[in-house]
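Heads up: the structure comes next, in structure tokens.
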Amino acid sequence: MVSLSTMTEPQRNDQELRRLEELHLLRSMGVDPYPTSFNKTHDAATILRDFSDDAPDALNTVHVAGRIMTVRRMGKASFWHIQDHSGRIQIYLKKDDLGEQYDSLKLYDIGDIIGVEGFVFRTRMGEISVHARTLTLLTKSLRPIPVAKEETDEQGNVTRYDAFADKELRYRRRYLDLIANPHIKDTFVKRARIISVMRRFFDERGWLEVETPILQPLYGGATARPFVTHHNALDVDLYLRIADELYLKRLIVGGFEGVYEISKNFRNEGMDKTHNPEYTALEIYVAYKDYVWMMDMTEECLNTVVREVVGTETVLFQDVELSFARPFRRAKMFDLYREHTGKDLRGLSREELLAAAKELHVGVDPKASAMKILDEIFSVLVQPHLIQPTFVTDYPVEMSPLAKAHPTEAGLVERFELFINGNEVANAFSELNDPIDQRERLEDQARIRADGDDEAMSVDEDFLQAIEVGMPPTAGLGIGIDRLVMLLTNNDSIRDVVFFPQMRPEH
RNA sequence: GAUCCCGUAGCUCAGCUGGUAGAGCAUUUGACUUUUAAUCAAAGGGUCUUGGGUUCGAGUCCCAACGGGGUCACCA
């Protein structure tokens with residue numbers, strides 16, 4: 001039996017106890033179960049790509065490494081599959097080559113990580129494999145991993161049996177998910193590429209990537225409930241940022257003419273398929289530009305991202321084909337109301353809007369503000385129709401306390417939101433840089449807040465001082481990265497595009 | 001937060017109107033030197049999420065809690 005140490009030791013099941021015994025047996029045989037390195041020369045995928053039946057000796061010495069995923073023992077020969085970051089490759093192990101070590105192979109398990117030196121060949125059944133000359137244990141695994149069998153038919157279609165599918169376990173133990181369902185890595189690789197293409201797009205144009213505080217004494221730049229934390233040395237409460245907007249604008253005041261940040265934001269609200277308490281947003285601000293310019297830039301940026309990451313200008317999401325070909329549709333908000341409700345809602349009073357909502361069978365709280373009613377009608381009757389990328393422009397000023405008033409359209413601001421597949425993906429405006437107007441708008445917000453809406457913004461005096469120093473005309477844009485990734489990777493839950501989605505603690 | 005569904009072996013799942021647990025893979029032992037969801041033979045493995053209740057008897061029925069998923073509400 002294994003001597004259990006005095007350190008905290010979890011309950012072990014029979015399989016785990018057996019693996020511990022194997023570990024000790026291997027040690028007693030002089031095998032280091034956790035050596036420091038291995039000189040890996042080839043990825044599985046590289047071998048599968050480079051092997052040629054015309055020159056079978058070309059890959060005469062390869063060093064591969066990975067996790068044992070399948071074991072087929074046939075007496076004095078065995079076939080294993082190992083999995084590395086590029087895929088799987090079969091290893092052929094023969095007693096003739098490994099001698100005494102072959103007999104200790106029973107101490108190796110699915111889940112162990114090994115290194116193999118050998119030559120590449122094609123088996124009688126046609127599978128490109130590595131014929132092992134030497135085998136090295138690189139990491140002994142003490143816990144069984146989910147084993148999903150797969151069958152590949154003549155056409156190359158893969159059928160999975162007993163795939164590791166429990167969503168809770170997949171999210172809580174993402175490492176097991178990544179091992180057992182390696183295809184999900186594609187989503188995360190694409191996520192990284194989406195961000196890297198965007199970063200390059202901005203960098204090439206001379207805009208500076210910056211970092212601004214996550215811990216903020218006042219939260220602003222959006223309407224949302226924040227997380228609160230406490231700084232002991234200062235003995236003050238701080239908020240985890242809900243947006244970085246107000247800090248990026250301070251940098252524009254400071255003289256940078258283009259800044260962006262890929263920002264983890266935190267919102268203390270409900271969780272569902274499209275909301276995780278922490279999420280990633282891109283925000284970018286460019287001086288001397290307005291929202292029309294920003295629409296062009298957004299279009300070009302997203303078109304570039306889609307072409308580089310997906311390879312085409314169209315993306316299949318669920319059953320819908322989304323076209324990112326330029327130009328995207330542009331429509332004024334109140335024109336869309338007319339298009340989808342048959343009504344002109346512009347300039348209507350709260351009571352008139354309430355009546356309109358009733359006529360349109362949109363249920364709203366009778367006490368709701370005019371803006372809430374407009375918002376509700378939009379999300380019920382307009383938004384679901386915005387499937388192909390659509391810029392919705394010119395919002396009511398009350399909905400947009402940080403956006404610049406439209407010069408010719410009274411009551412509206414220079415703002416757009418980009419909708420794709422019925423969801424908001426981007427939000428942008430010509431930034432309000434009139435300090436008097438900005439102060440009034442924030443004071444309005446503060447009043448709404450005092451009336452009980454804890455999502456309304458507060459007056460950030462330091463921000464207002466910055467604007468009073470003078471911010472040049474500036475266009476700003478925010479893009480919800482997680483939702484963009486969902487669209488481009490055909491995932492309908494944010495939990496599938498975030499490695500470690502927020503979960504309730506177990507037990 | 002409201003509502004519906006789910007929680008059985010390491011994984012994927014059965015378990016009918018209540019009679020104290022089953023399969024496949026994984027694991028163990030044996031056979032097999034080009035197999036591939038390898039095959040063949042045998043074996044071990046479960047306080048049925050937790051706590052109450054009804055009952056002679058609960059995985060199964062009832063209540064509550066915990067965890068997950070879906071829908072709605074709030075929001076990006």
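Just so it is clear: chains get the letters A, B, ... in the order the sequence lines come, proteins before strands, and each one is counted from 1. Just so it is clear, the model here is predicted, and its values are computed rather than measured.
The existence of a salt bridge linking R174(A) and D177(A) is confirmed by a sub-4.0 Å separation between a basic side-chain nitrogen and an acidic carboxylate oxygen. For the pair K149(A) and D162(A), the salt-bridge criterion is not met [side-chain N within less than 4.0 Å of a carboxylate O]. With respect to K140(A) and D112(A), a salt bridge is recorded, a charged nitrogen being found less than 4.0 Å from a carboxylate O. In summary, E431(A) and K404(A) do not engage in a salt bridge, as defined by a charged side-chain N under 4.0 Å from a carboxylate O. Salt bridge annotation for R441(A)-E398(A): absent, with no cationic side-chain nitrogen under 4.0 angstrom from a carboxylate oxygen. One finds a salt bridge joining E245(A) and K249(A) here, because a Lys/Arg side-chain nitrogen approaches an Asp/Glu carboxylate oxygen to under 4.0 Å. Taking a cutoff of 4.0 Å between a charged side-chain nitrogen and a carboxylate oxygen, E168(A) and R170(A) do not qualify as a salt bridge. Ion pair R122(A)/D53(A) flagged as a salt bridge, since at least one NZ, NE, NH1 or NH2 atom sits closer than 4.0 Å to an Asp/Glu carboxylate oxygen.
Taking the six-membered ring for Trp and thresholds of 30 and 60 degrees, Y395(A) and F378(A) have ring planes inclined between 30 and 60 degrees apart. Using the six-membered ring where Trp is involved, H131(A) and Y92(A) have ring planes that are perpendicular, over 60° apart on the 30 and 60° scheme. The aromatic rings of H340(A) and H385(A) lie parallel to each other, with less than 30° between the two planes, well short of the 60° mark.
When the side-chain nitrogen and oxygen atoms of R18(A) are compared with OP1 and OP2 of rU27(B), none of them lie within a distance under 4.0 Å. Distances shown here put every side-chain N or O of K106(A) at or beyond 4.0 Å from the OP1 or OP2 atom of rU28(B). At the phosphate of rG68(B), OP1 or OP2 sits under 4.0 Å from a side-chain N or O atom of R504(A). For rA26(B), one of the phosphate oxygens OP1 or OP2 lies less than 4.0 angstrom from a side-chain nitrogen or oxygen of K149(A). An OP1 or OP2 oxygen of rG70(B) is reached within less than 4.0 angstrom by a side-chain nitrogen or oxygen of R495(A).
Atom name C1', nucleotides rU50(B) and rG67(B): the rounded distance is 11 Å, in whole Å. Between rG7(B) and rG59(B), the two C1' atoms lie 11 Å apart (nearest whole Å). Between rG22(B) and rG15(B), the two P atoms lie 15 Å apart (nearest whole Å). The P atoms of rG19(B) and rC25(B) are separated by 28 Å, rounded to the nearest whole Å. Comparing the same atom, P, in rU47(B) and in rU34(B) gives a spacing of 41 Å after rounding to whole Å. Between the P atoms of rG51(B) and rC13(B), the separation comes to 25 Å (whole Å). For rA26(B) and rA9(B), the C1' atoms lie 10 Å apart once the distance is rounded to whole Å. Going from the C1' atom of rA14(B) to that of rG70(B) covers 24 Å, rounded to whole Å.
Base pairing of rC40(B) is made with rG30(B), judged by Watson-Crick or G-U wobble geometry with both donor-acceptor distances under 3.5 Å. Of all nucleotides present, only rC66(B) satisfies the Watson-Crick or G-U wobble test against rG7(B), with each distance under 3.5 Å. rC13(B) and rG22(B) make up a base pair, with Watson-Crick or G-U wobble contacts both under 3.5 Å. Using N1 to N3 plus N6-O4 or O6-N4 for Watson-Crick, or N1-O2 and O6-N3 for G-U wobble, each under 3.5 Å, rC61(B) pairs with rG53(B). Under the Watson-Crick or G-U wobble criterion, with both distances below 3.5 Å, rU71(B) is paired with rA2(B).
Contacts of R172(A) with the nucleic acid, taken as non-hydrogen atoms under 4.0 Å apart, involve only primed sugar atoms and P, OP1 or OP2. Using a 4.0 Å heavy-atom cutoff across all strands shown, D166(A) reaches sugar-phosphate atoms only and no base atom. Among the atoms of the strands shown, base atoms are found under 4.0 Å from some heavy atom of N276(A). Looking at heavy-atom distances under 4.0 Å, A163(A) makes contact with sugar-phosphate atoms alone, never a base. Counting non-hydrogen atoms under 4.0 angstrom, E22(A) reaches the backbone sugars and phosphates but no base. Using a 4.0 Å heavy-atom cutoff across all strands shown, K95(A) reaches no nucleic acid atom at all. Within 4.0 Å of N427(A), counting heavy atoms only, lies no atom of the nucleic acid at all. Note on R173(A): nothing from the nucleic acid sits closer than 4.0 angstrom, heavy atoms only. Across all strands shown, S78(A) has no heavy atoms under 4.0 Å from either base or sugar-phosphate atoms. In this structure, A165(A) reaches the sugar-phosphate backbone alone: every heavy-atom distance under 4.0 Å involves primed, P, OP1 or OP2 atoms, never a base. Across all strands shown, I145(A) has no heavy atoms under 4.0 Å from either base or sugar-phosphate atoms.
Between the CD atom of E168(A) and the P atom of rC6(B) there is a distance of 16 Å, given to the nearest Å. Atom-to-atom, CE of M271(A) to P of rC72(B) comes out at 17 Å; the value is rounded to the nearest Å. In this structure, R67(A) atom CZ and rA26(B) atom P are separated by 18 Å, rounded to whole Å. The distance between atom OH of Y161(A) and atom C1' of rA26(B), rounded to the nearest whole Å, is 17 Å. The nearest whole Å value for the distance from the CG atom in L176(A) to the P atom in rG10(B) is 14 Å. The separation between Y108(A) atom OH and rU28(B) atom P is 15 Å, rounded to whole Å. Rounded to an integer number of Å, the gap from CD1 of I242(A) to C1' of rC74(B) is 14 Å. Taking atom CZ of residue R170(A) and atom P of nucleotide rG10(B), one finds them 20 Å apart after rounding to whole Å.
Of the possible donor and acceptor atoms, none in the side chain of D97(A) sits under 3.5 Å from a partner among the backbone N and O of R133(A).
In terms of heavy-atom proximity, T123(A) sits nearest to S129(A) at CG2-OG, 3.3 Å.
Between F164(A) and H81(A), the residue whose closest nucleotide on RNA chain B is further toward the 5' end is F164(A). Both T280(A) and I110(A) lie near RNA chain B, and the one whose nearest nucleotide falls closer to the 5' end is I110(A).
For Q90(A), counting side-chain heavy atoms from C-beta on, the closest listed nucleotide (rU35(B), rU34(B), rG10(B)) is rU35(B). With rC11(B), rU34(B), rG10(B) as the choices, the nucleotide that has an atom nearest any side-chain atom of F79(A) turns out to be rU34(B). Of the candidates rU34(B), rU33(B), rG69(B), the closest approach to any side-chain atom of D96(A) belongs to rU33(B).
Between the side chain of E127(A) and the base of rU34(B) there is no donor-acceptor pair of N/O atoms closer than 3.5 Å. Between the base of rU36(B) and the side chain of T70(A) there is no donor-acceptor pair shorter than 3.5 Å. Remark: the R72(A) side chain and the rU35(B) base include a donor-acceptor N/O pair separated by less than 3.5 Å.
Counting only N and O atoms by type, the side chains of T274(A) and D272(A) include a donor and acceptor under 3.5 Å apart.
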Could you go over nucleotides 44-47 of chain B and give all protein N or O partners under 3.5 Å, atom names and distances?
residue, atom, partner, partner atom, Å
rG44(B), N2, D14(A), OD2, 3.3

For nucleotides 22-24 of chain B, which of its nitrogen or oxygen atoms have a protein nitrogen or oxygen under 3.5 Å away, and what is each distance?
residue, atom, partner, partner atom, Å
rG24(B), N2, D162(A), OD2, 3.0

